[in-house]
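Here's the structure, in structure tokens; my notes come after.
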Number of protein chains: 2
Amino acid sequence: MSLESPDPEEGSSLPPTGRTRIGRKPERGSYDRKTLHSILDAGIVCHLGFSVEDRPFVIPTTYARRGDFVLFHGAPAARLFRQMETGREICLSVTLIDGLVLARSVFHHSLNYRSVVMFGAASEITGLEEKREALRAITDHLAPNRWEEARKPTDGEVRGTSVFSLPISEGSAKIREGPPVDLEEDRGYSVWAGCIPFRTVLDPPEPDPTLFPGALLPALLDHPRFEKNGFR
Amino acid sequence: MSLESPDPEEGSSLPPTGRTRIGRKPERGSYDRKTLHSILDAGIVCHLGFSVEDRPFVIPTTYARRGDFVLFHGAPAARLFRQMETGREICLSVTLIDGLVLARSVFHHSLNYRSVVMFGAASEITGLEEKREALRAITDHLAPNRWEEARKPTDGEVRGTSVFSLPISEGSAKIREGPPVDLEEDRGYSVWAGCIPFRTVLDPPEPDPTLFPGALLPALLDHPRFEKNGFR
């Protein structure tokens, strides 16, 4: 694999498969790489699913997208990572919740959301420099600019973690947006209907109790990934 | 099962099992039912993991907790629900992200979070009234008060959906809170360190384009589950 794979061409799509073809409400589905990438880039955590003797496990973890791969890391002793060394298939899901959809009828209540579900076998990244670059991507996805600001990992620290890469090759996105969809005969029901958007914002920073006086605030506070909740 | 099971006694815990015992950072783990319940009650969507011929699937869906059960629903034709009819085991995960944890060293960056991972076989709820009560719980968890406000489901609509109940019997919570934890020798590194909390708020309601003039806003806008982002 190459971490340097460029972003895909405009219009490039993943081929739907039996398990990624959107069966329910296909109008909400997308296989367009740019759409998948934009959802992956907006998420904070993914949920990784794996199967051990046909029993399912789901764990949340941080990640980053780099080109046509999703990168994630963890302790070599963790159950998930022990499983992954065997090259087994995993399922990676990222879900963003955009708002409450309030219909006239209870049955048409919903959420506006953007989600990605992907399948594949992850590969372990073993080269020291490639691993360092992957860790940088994961750090800067979660907390933009921190790799530059903070104390960088030593070679020993890089060696002491496991980093995996999952190709974006089988997956689909599902998106619901817009107003509620009520039955024609419910349109006259006398109740408020519409959407109420969710927004995730940052609250004021809480300095570490042992922080030296006068420390400059992190640059990520001015990064477009996050919105500040009424503080400078 | 009974949907009327009372909330558990103070101090009641789930027995840890081989797959729910927290291996990594056990100080963050909890088996206390009240802790699990509070995380489940605060979430919006869960991620359901299931295994088909030893291949993992993870899908996001809405849910509600009622007593010692988690309830969720879906279209009978959906892949997950076809699987569940065989009584197979699933894994249910709820993750709340509370903030960015910025350490002096890249390797100690983290998130503050609350998560629950549960295992078990879900049962289908088939009785019409029990099903209706479960749907009411799911609706009012997502959108408090809407069952009262909106047009309630007909018997036919209730029959046309599948509702499942997963007992809260094997699972654990994992919580990280508080400031970053740096190595002693990194404490003097001259970079800002601390936490930046996330907050999810509601933006102003967007009325359905066909809404009648003068409709009263939904009562959930004043419910403690949600915080309004600077509007009345």
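Any value given below was found using the heavy atoms of this structure, including those in side chains, with hydrogens, waters and symmetry copies removed. Per chain, numbering begins at 1; letters A, B, ... match sequence-line order.
Among the residues in residues 173-183 of chain B, those with a non-hydrogen atom closer than 4.5 angstrom to a non-hydrogen atom of chain A are Pro179(B), Pro180(B), Leu183(B).
Proximity to chain B involves both the backbone and the side chain of Arg199(A), based on heavy atoms less than 4.5 angstrom apart. In this structure, chain B has heavy atoms under 4.5 Å from both the backbone and the side chain of Ser190(A). For a residue to count as touching a neighbouring chain, one of its non-hydrogen atoms must lie under 4.5 Å from one of that chain's; by this rule Leu217(B) touches chain A with backbone and side chain alike. Both the backbone and the side chain of Leu211(A) come within less than 4.5 Å of a heavy atom of chain B. Contacts between Leu135(A) and chain B at a heavy-atom distance below 4.5 Å involve the side chain alone, from C-beta outward. At a 4.5 Å heavy-atom cutoff, the contact between Phe119(B) and chain A is made by side-chain atoms alone. Using a 4.5 Å cut-off between heavy atoms, Val45(A) contacts chain B through both its backbone and its side chain.
Residues in residues 166-222 of chain B take part in these ring-ring contact (aromatic ring centres under 6.0 Å, His included) pairs, two or more places apart or across chains: Phe226(A)-Phe198(B).
Each of His108(B), Lys152(B), Arg146(B) has some count of heavy-atom pairs under 4.5 Å with chain A, and the biggest count is that of Arg146(B). Chain A forms the most heavy-atom pairs under 4.5 Å with one residue out of Thr200(B), Leu216(B), Val101(B), Val158(B), and that residue is Thr200(B). If you tally non-hydrogen atom pairs under 4.5 Å between each of Trp147(B), Phe50(B), Phe57(B) and chain A, the highest count goes to Phe57(B). With chain A as the partner, the residue from Gly23(B), Pro204(B), Pro60(B), Pro209(B) showing the most heavy-atom pairs under 4.5 Å is Pro60(B). For the set Pro218(A), Ala215(A), Gly230(A), the count of heavy-atom pairs under 4.5 angstrom toward chain B peaks at Pro218(A). Ranking Thr62(A), Leu100(A), Ile90(A) against chain B, the residue ahead of the rest is Leu100(A), based on heavy-atom pairs under 4.5 Å. Your options are Thr139(A), Val117(A), Asn229(A), Leu111(A), and the one with the most heavy-atom pairs under 4.5 Å with chain B is Leu111(A). Annotation: maximal heavy-atom pairing with chain B below 4.5 Å, among Ala193(A), Gly160(A), Ser93(A), occurs at Ala193(A). Of the listed residues (Leu102(A), Leu142(A), Thr161(A)), the greatest number of heavy-atom pairs within a distance under 4.5 Å of chain B belongs to Leu102(A).
Nearest heavy atoms, Ala150(B) versus Ala103(A): CB-O, 4.2 Å. Val58(B) and Gly49(A) make their closest contact through CG2-CA, 3.4 Å (heavy atoms, listed as atom of the first residue, atom of the second, distance). Listed here is the closest heavy atom pair of Glu89(B) and Pro56(A): O-CG, 3.5 Å. Taking every heavy atom of both residues into account, Arg104(A) and Asp208(B) meet most closely at NH1-OD2, 3.3 Å. Counting all heavy atoms, side chain and backbone alike, Val191(A) lies closest to Glu149(B) at CG2-O, 3.4 Å.
Side-chain N or O atoms of Arg55(B) include none that pairs as donor or acceptor with a backbone N or O of Cys91(A) at under 3.5 Å. A distance-only check finds no donor-acceptor pair linking the side chain of Arg151(A) to the backbone of Phe107(B) [under 3.5 Å].
Counting heavy atoms from C-beta on, the side chains of Leu220(A) and Ile196(B) come closer than 4.5 Å.
Residues passing the ring-ring contact (aromatic ring centres under 6.0 Å, His included) test with Phe72(B), sequence neighbours excluded: none. With sequence neighbours excluded, the residues satisfying side-chain hydrogen bond (donor to acceptor under 3.5 Å, both in side chains) with Glu170(B) are Thr17(B), Arg19(B).
For His73(B), the NE2 atom counts as loosely surrounded, since its 6.0 Å shell holds 12 or fewer non-hydrogen atoms of other residues, nucleotides or ligands.
Side chains of Thr95(A) and His47(B): a donor on one and an acceptor on the other come within 3.5 Å.
The line from CG of Asp203(A) to CG of Asp98(B) is 11.0 Å long, rounded to the nearest 0.5 Å.
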